[in-house]
Structure formats: C-alpha cells, structure tokens
Trainee: 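I have a structure I would like to understand better, so I am pasting it below and will then ask my questions one at a time.
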Number of protein chains: 2
Amino acid sequence: MKDSGKKCTETGRYDCIKLENQLCFPLYVCSKEIVRRYKPFLDELELTYTQYIAMMALWEHETMNVRQLGECLYLDSGTLTPVLKTLEGKGYVQRKRCETDERSVIVAVTEAGMELREKAVTIPPRMGACVNITQEDAVELARILKKIIAGVTNGADA
Amino acid sequence: MKDSGKKCTETGRYDCIKLENQLCFPLYVCSKEIVRRYKPFLDELELTYTQYIAMMALWEHETMNVRQLGECLYLDSGTLTPVLKTLEGKGYVQRKRCETDERSVIVAVTEAGMELREKAVTIPPRMGACVNITQEDAVELARILKKIIAGVTNGADA
DNA sequence: ACAAGTTAAATTGTGTACAATTAAATTGCA
DNA sequence: TGCAATTTAATTGTACACAATTTAACTTGT
C-alpha cells in the first residue's frame, strides 16, 4: 500500500524521518502529557513527578541507598541527589551515610513521609479517570513498554 | 504471603501507588531510554533529541512560525526559543519576524539544514535495528499512544 | 479611531536529566 | 600488606520543559 507506485499515500525518500512515522515521538509526547496531567494532583501534595516516583519506590521499600533507588527509577545520582535533598527538606525522607559502608547513602522514609502516603493513594484512581484508555489497551501498552525497556536497557546493541 | 486472607498476588490498601502498577512510569522510562539510545546517532549530527524533532518538523514544512512548530511538537516558546536559537547558531535554520504580522517569528530551514537531512535519513533504520520490538507491537503501540494523546490533550477531564 | 482584549514570542525561575569528572571508601589481588 | 582497580555519591556543566510573567503587535467592539 505504500511504495514506488505513487499512490495517494506515496513513499518518498524522506518518509522515514517524518515525525508521524516515528515511534519515539508519540512515546515522548505521551509521557510528557501524562506527567502534565498529574500536576494538579501532585500540587495538592506539593510534589513534582520525580519526587512522587521516588516516594513511591521508598514507600514500598522503606529504606534504600541511592544506587538502588537509581536502579529502580532509571535515574542516576546526578538527578537523584538534588531530588532527595529536596524531599529531605520537606521532611519526607532522611539521608544518612551507611555505617558499614561510608560510600553509600541510605534514604529512609520518615513518619511524615509515611503519612503522605495516605494522601497519595487518592491520586491513581483520579488519574485513571482522566486518561482515556480501555483496560485491554492499558494491559497491552504495559506489556509492550516493558518489553522495549527490557530490550533497550540490556546490551541489546544493533 | 503478606496480609489478610489473600492469595499469592494479593491486594493491599497501597497497591495502587506501587511503581509496578503504574502505567505512567514505564511510559516515562521507555521514553527516556529510547531517547538515550538515539544519542550516539544524534551525536554524529551534533543534534540533541529536541533539536532533531524540531528539524524533522521543519524538513517537512520548510517554514513555520514558532506557534505552529510548538503545536506540532507539543512544546511552548519557553522551550523552543532557546532550541531555535541554537539551531540558528549552527546554521540550520533562519529566524525572522513575519512581515505581515510582527508578532510571529518565521522559522525557515537553510541550505545547510536541508543538507543535514541527507545524514538524518540514516538514523531511523539504525535505531529500528536497536529497538527490540515486533512490527505488530509497534503498530499496536502507535495506535494506543495516539489514542491516549488525543484524549489527554483535549479537554478530556475526569 | 481607539481603548480593551487577545495573541505571539521572549524572559524568568524552578526542577529535572544526564554526561563527565571528582573525591572518598572499599575491594581485590600480587 | 599495599596499592591499583572499582564502587558510590556528589558536583559541574549543558540542555531541556514548563508555569508565570512581560512586552509588543494585532483585533474587536463601539
């Protein structure tokens, strides 16, 4: 349906670099737009999206060092250090050097951090109501994304 | 294995704010990781990802004002102005005020910008070889993402 | 014609992202 | 043991991304 016969939707030498033919671009846009949709809800907790996912990881694990948190969130210390300092400033986490290995910094959720969780549980259902997607599509999307992430983050070189 | 009556994959009060149950999070990670994968290829052209998608839009349209480009890329002037100034500095685009409406800034691809396109066409096929995804999944993914974007960017309030 | 409202881009300020480097602590091995 | 490699966070520098504000130019209603 789309090559050298020159139909209505014809194929050109530059088709592969058209925005509409990229997969990365809707991925990039979708990610940004969803995060933007979170903003009003996250504003209630005075958290940014990055702070929110960091808290999510910490609510589950209670305590992690920066490296582990980074593996969990796919972020490095260059991003996490300022985020964690901000969260510490807000009183939601505590940072301290590991006693048995002074290189590591242990991040632990505080009492106030655990209380924040109570407010946070209201966010996913409200977000869900905002995003126009069927249950089947959500499952499909999650499956495909996880497959891509697994392939891309391993040494899956060309 | 960890609370009330419950099976193996049991349901807890806080399940909805676990990282693994979010759809936004793999979307965010996938987008970032794919962009990271582009970097070695984009480095050859000395373009960032944002500069690359801006050039993609401009290669197709030759000339656009900042507002149109922003609608196309889902970016505002606060992001685009510095990106376009950088691209102008590299000699790939020219920026000038519209003569009939001095509020608008017209962005036009230069000769050098069009030549860059020749190098850029090699990127998508090489990226495709890097990303571990079947043709069917790619089609599915594109379909779902476009649906979400359409729903989220319109006033699809809860 | 003109004040009021609107639109367009730029600017300002905050917060990521990430590569590259640095500094300190720990490990491994000759 | 002793020191070179490695690991861990933090720092530095560049580049977005976006909300909010500003400035200038245009449009509209009267």
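Note that the coordinates shown come from a computational prediction; the quantities given were computed from them, not determined experimentally. Convention: sequence-line order gives letters A, B, ...; per-chain numbering from 1.
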Trainee: Expressed in angstrom and rounded to an integer, what is the separation of A:Met64 atom CE from D:dT8 atom P?
Mentor: 15 Å
Trainee: Indicate every side-chain donor-acceptor pair of residues 49-56 of chain B with a distance under 3.5 Å to a residue at least two apart or in another chain.
Mentor:
residue	atom	partner	partner atom	Å
B:Gln51	OE1	B:Thr48	N	3.1

Trainee: Whole angstrom is fine here: how far is it from CG in A:Leu84 over to C1' in C:dT16?
Mentor: 13 Å
Trainee: Round to the nearest Å and state the distance from A:Leu73 atom CG to C:dT16 atom C1'.
Mentor: 13 Å
Trainee: Apply side chain to side chain donor-acceptor pair (under 3.5 Å) to A:Glu44 and list each qualifying residue two or more places apart in sequence or on a separate chain.
Mentor: A:Arg126
Trainee: Under a 4.0 Å heavy-atom cut-off, which of residues 25-34 of chain B touch DNA chain C?
Mentor: B:Tyr28, B:Lys32
Trainee: Distances for protein N/O vs nucleotides 11-14 of chain C N/O pairs under 3.5 angstrom?
Mentor:
residue	atom	partner	partner atom	Å
C:dT11	OP2	B:Lys85	NZ	2.9

Trainee: Provide, to the nearest angstrom, the distance between the CG atom belonging to A:Leu47 and the C1' atom belonging to C:dG15.
Mentor: 13 Å
Trainee: For D:dC16, does OP1 or OP2 lie under 4.0 Å from any side-chain N or O of B:Thr48?
Mentor: yes
Trainee: Which residues satisfy the side-chain contact (heavy atoms from CB on, under 4.5 Å) test with A:Ala108, sequence neighbours excluded?
Mentor: A:Thr63
Trainee: Does any part of the side chain of A:Tyr92, heavy atoms only, come nearer than 4.5 Å to the side chain of A:Val109, both counted from C-beta?
Mentor: no
Trainee: So, B:Asn65 side chain and B:Gln68 main chain: donor-acceptor pair closer than 3.5 Å or not?
Mentor: yes
Trainee: It should be established whether A:Arg36 places a side-chain nitrogen or oxygen under 4.0 Å from OP1 or OP2 of nucleotide D:dA19.
Mentor: yes
Trainee: Under 4.0 Å from any atom of DNA chain C, heavy atoms only: list the residues of residues 49-62 of chain A that qualify, in numerical order.
Mentor: A:Thr50, A:Gln51
Trainee: Please list each protein N or O that sits under 3.5 Å from an N or O in nucleotides 21-24 of chain D, with the distance.
Mentor:
none

Trainee: Would you say that A:Val66 contacts A:Ile106 through its side chain, given a criterion of any heavy-atom pair below 4.5 Å between the two side chains?
Mentor: no
Trainee: Should A:Thr86 be listed as having a side-chain N or O under 4.0 Å from OP1 or OP2 of C:dG15?
Mentor: no
Trainee: With a 4.0 Å cut-off on heavy atoms, is A:Leu80 in touch with a base, just the backbone sugar-phosphate, or nothing at all?
Mentor: nothing
Trainee: Taking salt bridge (Lys or Arg N to Asp or Glu O under 4.0 Å) as the cut-off, I'd like each qualifying pair that reaches into residues 72-83 of chain A, sequence neighbours left out, listed once.
Mentor: none
Trainee: Quick one: salt bridge (Lys or Arg N to Asp or Glu O under 4.0 Å) pairs with a partner in residues 77-93 of chain A, sequence neighbours left out?
Mentor: A:Glu88-A:Arg95
Trainee: Please determine whether a side-chain nitrogen or oxygen atom of A:Arg95 lies at a distance below 4.0 Å from atom OP1 or OP2 of D:dA10.
Mentor: yes
Trainee: Taking A:Trp59 for its side chain and A:Gly113 for its backbone only, find out whether a donor-acceptor pair lies under 3.5 Å.
Mentor: yes
Trainee: Round to the nearest Å and state the distance from B:Arg97 atom CZ to C:dT7 atom C1'.
Mentor: 12 Å
Trainee: Rounding to a whole Å, what distance do you find between B:Asp101:CG and C:dA9:P?
Mentor: 8 Å
Trainee: Within this structure, what is the CG-CZ distance for the pair A:Leu141 and A:Arg143, rounded to the nearest 0.5 Å?
Mentor: 10.0 Å
Trainee: Starting at CD of B:Glu71 and ending at P of C:dT7, how long is that distance when rounded to a whole Å?
Mentor: 12 Å
Trainee: Whole-Å distance between D:dA10 C1' and A:Leu69 CG?
Mentor: 15 Å
Trainee: Check side-chain contact (heavy atoms from CB on, under 4.5 Å) between B:Ala57 and all other residues, then give those that pass, not counting sequence neighbours.
Mentor: A:Leu19, B:Met64, B:Leu69, B:Cys72, B:Leu73
Trainee: Any side-chain to backbone donor/acceptor pair from A:Arg37 onto A:Cys130? Under 3.5 Å, distance only.
Mentor: no
Trainee: Under the salt bridge (Lys or Arg N to Asp or Glu O under 4.0 Å) definition, can you give me all pairs with a residue in residues 109-121 of chain A, not counting sequence neighbours?
Mentor: A:Glu118-B:Arg13
Trainee: Using heavy atoms to find the nearest nucleotide of DNA chain D for A:Lys39 and A:Gln68 separately, return the residue whose nucleotide is more 5′.
Mentor: A:Gln68
Trainee: Is a side-chain N or O of A:Arg97 found less than 3.5 angstrom from the main chain of A:Val105, in a donor-acceptor match?
Mentor: no
Trainee: Please list all pairs meeting salt bridge (Lys or Arg N to Asp or Glu O under 4.0 Å) that have one or both residues in residues 47-73 of chain A, counting only residues at least two apart or in different chains.
Mentor: A:Arg67-A:Glu71
Trainee: Quick check on DNA chain C: between A:Leu75 and A:Glu102, whose nearest nucleotide comes earlier from the 5' end?
Mentor: A:Leu75
Trainee: Can a side chain N or O of A:Asn65 be found less than 4.0 Å away from OP1 or OP2 on D:dA9?
Mentor: yes
